[in-house]
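If you're wondering where the values come from, they're calculated on a predicted model, not measured in any experiment. Chain identifiers are assigned alphabetically (A, B, ...) following the order of the sequence lines, protein sequences preceding nucleic acid strands; residue numbering begins at 1 within each chain.
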Amino acid sequence: MNSPPLLVTCGLPYTNGPCHLGHLRTYVPADAYVRYMRRSGEEVVFVCGSDNHGTPIVVSAEEAGVSPRELSERYHRHFDETFKRMDVLFDRFGMTDDPTNHHRTKTMVSELIKNGFIYKQVVHQAYCTKCRRFLPDRYVEGICPHCGTQARGDECDQGCGKHLEPGEIRDPVCKVCQTKAEFRDQEHYFFKLSEFKEFLLPYLEKLRGTSNARNYAIGWINDELHDWCITRTLEWGVKFPGRDDLVVYVWVDAPIGYIAFTEEWAKEAGKDWKRCWCGENRVTHFIGGDIIYHHSIFWPALLKAAGYGVPHAIVASGMVKVDDHKFSKSRGYVVWTNDDYLDKGLPADYLRYYLLAYTSHTKELNFSWKVFSERINNEVVNIFGNFMYRTLFFAHKEWEGIPGGAVDPAIIAEIDTCLTTVDGYMREYEFKGAVDAIMTLAAFGNTYIQTNAPWKLIKTDRTAAAQVIKNCIQIAKALTLLIEPVMPAKAQECWKQLGCSDKVADHQIAEAAYPVRETKINAPFPLFSRMEEDQVKELDALLQKRVAGANKKVEKIPVVTFEEFQKLDIRTGKVLSAEPIPKSNKLLKLQVDIGSETRQIVAGIQQFYKPDELAGREIVVVTNLAPAKIFGVESNGMILAAGDFASLLVPLRPVDPGTKIR
RNA sequence: AGCGAGGUAGGGUAGUCAGGAUAUCCCGACGGGCUCAUAACCCGUAGAUCGAUGGUUCAAAUCCAUCCCUCGCUACCA
């Protein structure tokens, strides 16, 4: 009784986009685990909340023309509603921007400072003068200093793949507004993460949960542990104590949200949150595989440094694929929980089943409408649903309910075996194994009723037939109790069909082996309807259409041969003069020296360059472009410039006009 | 590049940590049965040199080594 409650959390959904299948891969198994553990007699607290801070939300809010708080509240409501529709039921679903979390975060950061784990250091950071904010790496673009290709701020993703240090990138540009970014020095606060290596190693060895979380983290630690910059120059977020110009990095206040949400739950429920978080605890984090290091390295170190208990288990799920492609919103390989699934009238329970039964929790899960419908039809409808229905139908037809008499001990033994198997898998976070064991029991039921054929037996021995059906009902009851964590809504309907008027969720799993009593039941009806082929095709067509649409957007760039490239005559040139073309607000008429001759070229760059600014400039020209008349002025070539703001291409070192570019 | 995960019949997937005799389950193919049931259910047959090579062992999908292929992750994105 004195042991702390089992506190289960889920990785916090970020409030700048709607809920999709990738989210559910964490939330559904967590919910199933919570339901199972509760019904195994554990005291369980299940909390989550939305993650509201960080630059991406500020940018998204600006684009939407609302405040970050308002944007967060919109998506917060969205996630809250979606989770409820999916029967993922938290005891508390809070917001990291709510006062409880601001308070808890400030308190913890103060504790870190007091305990001597924070120090100041000047950081070199990209700043956009137009957006007037410091730019996280994902919002900086520029030229890779190693290979010269276009690169992101933190990594040369298109070219050599090298990691870039802040300030290393050349010609940085703000990704949001394309304005040239500059680097500014700024004082920031660091957490002495490197001091926690000795603590973390033995901690991780003993950490419960899935092996991927453990292995990944240990691998990281064995490498090198840097100190961690925990502040950002941003308006939106939790203010760093004593510094109104800085907020703490969202990866600090987001996990602290777990504590804040527990506090909020405890206040409401009249419980003590400290039992969950201080000293020995049973905190179990369900997270996606992409945020393992935050939860198994940064987070335990923060907790330890601030004097709190550290997590007991970390359960990390594998990735989700769609049609065997990497999950990608931009490429169209995405399944939106509401638009693509629930709003189509499909039952939450089918998706829950698929997510839990597809494969091991740590492995990659592929979603396709074809496989989805096949598995639902074959396993849920045919094996499970049909066994329930044929059993209840026959019982009702012949006895108007569950007949009397004892249940065969061999049947109880079969159920007991199943219970043991399921329990083992659930406690190892192997949900597929648990579902498989349940389905094996359903298959056993089918084999049992088939080989004993009560419909034949009843013609010669009514008592023997009653015994068979009684045994089948016992299996049906066990199945109902066992499947509740997986398919709560369907299980409740099964429970009702079995003649029970209360909530199946209020009954312990162990009751599966308690003998069913004689009782009347209503005429059953099929609870699990098939996915029809037409419907599946329709759903799949929608997905294919989205993928095709996305492909069009990213549109494949055709490959040119070297010969084709050579057809272009690209040379350096020198602008001799430039003048605006009357009645045009975009065009400039240029006279360009290309070595062999002087060319007249019309270019649409008037908004970006003053004529006298261009005179004398060395530029790059396509000289063999077919001549054209623009605004009545003849143009014999094309000036090369990059981007919407026409950044002119210029030779880095001086060359003679007319030098061929190859 | 480093780290991690994976490569098992036509497709998907279990078993690998704690090595054992006919390698699991689902779909698909073929043949049979049943008719209580949502053309659902049951039984049977065919189909896998368990990525490759070498090693340890009485015994290897499983342990060790090397290699090949696929995918994911890599702190100053969330």
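The nearest whole Å value for the distance from the CZ atom in A:F372 to the C1' atom in B:rU13 is 18 Å. Between A:N378 atom CG and B:rC25 atom C1' the separation is 12 Å, expressed in whole Å. Look at CD1 on A:I473: it is 14 Å from C1' on B:rA37, rounded to the nearest Å. Atoms CD (A:E364) and P (B:rU70) sit 14 Å apart, rounded to a whole Å. Distance CD (A:E374) to P (B:rA40): 12 Å, rounded to an integer number of Å. Regarding A:Y354, its OH atom lies at a distance of 17 Å from the P atom of B:rC26, rounded to whole Å. Note: CG (A:D290) to P (B:rC71) measures 19 Å, nearest angstrom. In this structure, NE2 of A:H295 is placed 17 Å from P of B:rC73, rounded to the nearest angstrom.
Look at B:rU66: its Watson-Crick or wobble partner, with both distances under 3.5 angstrom, is B:rA52. Base-pair partner of B:rG47: not found among the strands shown (Watson-Crick or G-U wobble, both distances under 3.5 Å). Of the nucleotides present, none pairs with B:rA61 by Watson-Crick or G-U wobble criteria with both distances under 3.5 Å. Base pairing of B:rC17: no nucleotide in any strand meets the Watson-Crick or G-U wobble criterion (both distances under 3.5 Å). For B:rA39, there is no paired nucleotide, since no Watson-Crick or G-U wobble pair has both relevant distances below 3.5 Å. Remark: B:rA75 base-pairs with no nucleotide in the shown strands. Criterion, Watson-Crick or G-U wobble with two distances under 3.5 Å. Of the nucleotides present, none pairs with B:rA23 by Watson-Crick or G-U wobble criteria with both distances under 3.5 Å.
Between atom SG of residue A:C10 and atom CZ of residue A:F79 there is a gap of 12.0 Å, rounded to the nearest 0.5 Å. Atom CH2 in A:W336 sits 8.5 Å away from atom NE2 in A:H23 (nearest 0.5 Å). A distance of 6.5 Å separates CG in A:L302 from CD1 in A:I256, rounded to the nearest 0.5 Å.
Straight-line distance between the P atoms of B:rC3 and B:rG44: roughly 48 Å, to the nearest whole Å. Going from the P atom of B:rA18 to that of B:rC63 covers 9 Å, rounded to whole Å. Of the P atoms belonging to B:rA9 and B:rA40, the separation is 27 Å, rounded to the nearest Å. Across the C1' atoms, B:rU8 and B:rU13 are found 9 Å apart, a figure rounded to whole Å. With both ends at atom P, the span from B:rA37 to B:rG12 equals 38 Å, rounded to whole Å. Atom name P, nucleotides B:rA52 and B:rC69: the rounded distance is 15 Å, in whole Å. Taking atom P on both B:rG10 and B:rA29, the two are 16 Å apart, rounded to the nearest angstrom. Distance noted for atom C1' between B:rA14 and B:rU24: 5 Å (whole Å).
Looking at A:N377, its side chain never comes within 3.5 Å of a backbone N or O of A:R530 through a donor-acceptor pair.
Using a 30° and 60° split on the angle between ring planes, A:F199 and A:F196 fall in the perpendicular class, above 60°.
A cation-pi geometry, defined here as NZ or CZ lying under 6.0 Å from the six-membered ring centre and within 45° of its normal, does not hold between A:K321 and A:F327.
Contacts of A:Y358 with the nucleic acid, taken as non-hydrogen atoms under 4.0 Å apart, involve only primed sugar atoms and P, OP1 or OP2. A:N386 comes within 4.0 angstrom of a base, heavy atoms only. A:Y293 comes within contact range of at least one nucleobase, with a heavy-atom separation under 4.0 Å. Counting any heavy atom pair closer than 4.0 Å across all strands shown, A:H53 reaches sugar-phosphate atoms only and no base atom. Residue contacts shown for A:R232 are limited to sugar-phosphate atoms, with no base heavy atom under 4.0 Å away. Among the atoms of the strands shown, base atoms are found under 4.0 Å from some heavy atom of A:L527. When heavy atoms are screened at a 4.0 angstrom cut-off, A:P526 is found touching base atoms of the nucleic acid. Among the heavy atoms of the strands lying under 4.0 Å from A:D51 are primed sugar atoms or P, OP1, OP2 only; no base atom is included. As judged by a 4.0 angstrom heavy-atom cut-off over every strand, A:V381 is placed among the base-contacting residues. In this structure, A:I291 reaches the bases: a heavy-atom distance under 4.0 Å links it to at least one base atom across the strands shown.
In this structure, A:T440 does not reach the B:rC25 phosphate: none of its side-chain N or O atoms is under 4.0 Å from OP1 or OP2. The side chain of A:K363 contributes an N or O atom lying less than 4.0 Å from OP1 or OP2 of B:rA14. Side-chain N/O atoms of A:T451 include none lying less than 4.0 angstrom from OP1 or OP2 on B:rC43. At least one side-chain nitrogen or oxygen of A:K326 sits closer than 4.0 Å to the OP1 or OP2 atom of B:rC73. The side chain of A:Y389 contributes no N or O atom lying less than 4.0 Å from OP1 or OP2 of B:rC36. Between A:N215 and B:rA5 there is a side-chain polar atom (N or O) within less than 4.0 angstrom of OP1 or OP2. Considering only side-chain N and O atoms, A:R390 lies nowhere under 4.0 angstrom from the phosphate OP1 or OP2 of B:rA40.
With RNA chain B read from its 5' end, the first of the two nearest nucleotides for A:T55 and A:E430 is the one closest to A:E430. Mapping A:L225 and A:S529 onto RNA chain B by nearest heavy atom places A:S529 at the nucleotide closer to the 5' end.
Of the candidates A:N16, A:D97, A:I57, A:V66, A:S72 forms a side chain to side chain contact (heavy atoms under 4.5 Å, CB included) with just one, namely A:I57. The one candidate from A:W251, A:F117, A:F190, A:F240 that meets the side chain to side chain contact (heavy atoms under 4.5 Å, CB included) condition with A:I230 is A:F240.
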* To do: For side chain to side chain donor-acceptor pair (under 3.5 Å), just list the numbers for A:T96 and A:N101, CA-CA rounded to whole Å, side-chain angles, deciding distance to a tenth of an Å, and then say yes or no.
  => CA-CA 6 Å; A:T96 57; A:N101 190 49; 4.6 Å; no

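Of the candidate nucleotides B:rA14, B:rA40, B:rC26, B:rA14 has the atom lying nearest to any side-chain atom of A:S360. Among the nucleotides B:rU13, B:rG72, B:rC41, the one closest to any side-chain atom of A:K432 is B:rU13.
Remark: ring of A:F394 does not overlap the six-membered base ring of B:rC36 in a stacked fashion, as centroids less than 5.5 Å apart with planes less than 30° apart are not both met.
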